[in-house]
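Data block below; observations after.
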Amino acid sequence: MTEPRIALLSSAAAALDDAGLVSAYSVADRSTPTLRVNFVTSLDGSATVKGLSGGLGGPADKLVFDTLRRLADVVLVGAGTARSEGYGAMRLPDADQQWRVEHGLAPQPTFALVSGRLDLDATSDIFTKAPVRPLVLTSAAAPADARDALGEVAEVVSCGDDHAEPQLIIDALISRGLPQILCEGGPSLFGTFIAADLVDELCLTVSPLLEGGAGIRISHGESEAARRMRLVHVLESDGLLLTRYARAR
Ligand SMILES: NC(=O)c1ccc[n+]([C@@H]2O[C@H](COP(=O)([O-])OP(=O)(O)OC[C@H]3O[C@@H](n4cnc5c(N)ncnc54)[C@H](OP(=O)(O)O)[C@@H]3O)[C@@H](O)[C@H]2O)c1
């Protein structure tokens with residue numbers, strides 16, 4: 001057996017500027033569909049501090065979070081995350097919009113929510129202040145009244161009979177010209193995608209924190225097979241590790 005290669009992660013390297021960060025997270029071919037998932041975790045594996053992810057990140061994590069949004073065609077979020085994290089309308093800053101247009105992208109990514117029960121407030125900013133009509137990905141079994149109310153402010157798409165099938169979610173986005181998919185969680189939606197073997201990338205920030213409580217993990221599901229990923233890079237900022245992993249082929 002060959003010895004594993006072990007090397008120091010040096011934080012002495014030059015800091016990445018905006019272009020460097022974009023380059024670090026760009027994909028080789030934007031027409032090839034990519035499901036990229038972005039999470040932050042504590043050192044002891046918690047996805048939350050006091051029920052929210054906000055206590056785990058930091059300025060560098062926020063920069064990467066914003067960069068990933070800037071590069072995405074669509075930002076996909078499970079309803080649980082939208083409810084608990086209090087998502088509002090997703091609107092990128094003017095400078096990011098300008099950057100996107102200069103690079104041939106739509107000014108704003110589309111926002112897409114996955115929900116079975118459709119317990120979503122159609123009058124919330126998520127919908128009423130969205131710069132692009134959001135998508136709601138659900139199933140044929142969703143309550144008709146909620147579907148009608150949301151249909152006023154979003155495009156409601158059935159992606160299965162009794163729940164939203166992960167492959168049909170992806171297909172719905174690709175067929176709308178949105179192949180670069182950024183999923184911002186949460187753990188249930190991520191678990192669904194892992195089980196269906198649809199995850200192409202995980203951008204995982206490891207925060208230098210011990211949460212110590214009963215925080216949830218970044219994924220929760222019924223996958224029967226562990227999936228191997230390949231390290232693309234590790235960036236470091238103030239003790240925070242910003243990792244990018246891709247599907248091992
Ligand atoms: N550390 C991080 O980076 C991070 C990121 C995101 C979230 N979080 C944390 O994760 C927690 C939320 O966890 P969660 O598992 O509830 O989040 P989630 O995966 O965003 O939401 C779960 C909900 O999404 C909908 N859903 C997911 N898959 C579905 C499918 N295949 N078909 C139909 N609906 C589907 C269902 O919504 P309905 O109930 O409406 O049917 C389900 O209840 C929060 O505490 C949040 O702070 C952490």
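Indexing begins at 1, ligand by ligand and atom by atom, following the structure's order.
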- Query: What distance separates Leu189 CG from Cys183 SG, expressed to the nearest 0.5 Å?
  - Reply: 4.5 Å
- Task: Give a yes or no answer on whether the side chain of Arg100 reaches the backbone of Ala95 with a donor-acceptor pair at less than 3.5 Å.
- Result: no
- Message: Show the atoms of ligand 1 that are less than 4.0 angstrom away from any heavy atom in Leu189.
- Response: 19 (O), 28 (N)
- Task: Can you see which heavy atom on Leu137 is nearest to which on Ala112, and at what distance?
- Result: CD1-CB, 4.1 Å
- Identify, by atom number and element, the atoms of ligand 1 in contact range of Ser53, meaning under 4.0 Å from any of its heavy atoms. 1 (N), 2 (C), 4 (C), 47 (O), 48 (C)
- Separation between NE2 of His163 and CZ of Arg117, rounded to the nearest 0.5 Å: 15.5 Å
- Considering only heavy atoms of Leu52, which atoms of ligand 1 have at least one such atom less than 4.0 Å away? 47 (O)
- closest protein heavy atom to atom 9 (C) of ligand 1 is Thr48 CG2, 3.8 Å
- Query: Taking only heavy atoms of Val40, which atoms of ligand 1 are found under 4.0 Å from at least one of them?
  - Reply: 1 (N), 2 (C), 3 (O)
- Message: So if I count the atoms of ligand 1 from 1 in the order they appear, which ones are less than 4.0 Å from some heavy atom of Glu184?
- Response: 5 (C), 6 (C)
- Message: Measuring centre to centre across the rings, with the benzene-like ring taken for any Trp, is Phe127 within less than 6.0 Å of Phe111?
- Response: no
- Should we count NE2 of His220 as having more than 12 external heavy atoms under 6.0 Å? no
- Ala47 neighbourhood, listing ligand 1 atoms whose heavy-atom distance to it stays under 4.0 Å: 1 (N), 2 (C), 48 (C)
- Item | Per-atom contacts of ligand 1 with Phe39, taking only distances under 4.0 Å to non-hydrogen atoms | 1 (N), 2 (C), 3 (O), 4 (C), 5 (C), 6 (C)
- Query: How close does the nearest protein non-hydrogen atom get to atom 7 (C) of ligand 1, and which residue and atom is it?
  - Reply: Thr81 OG1, 3.1 Å
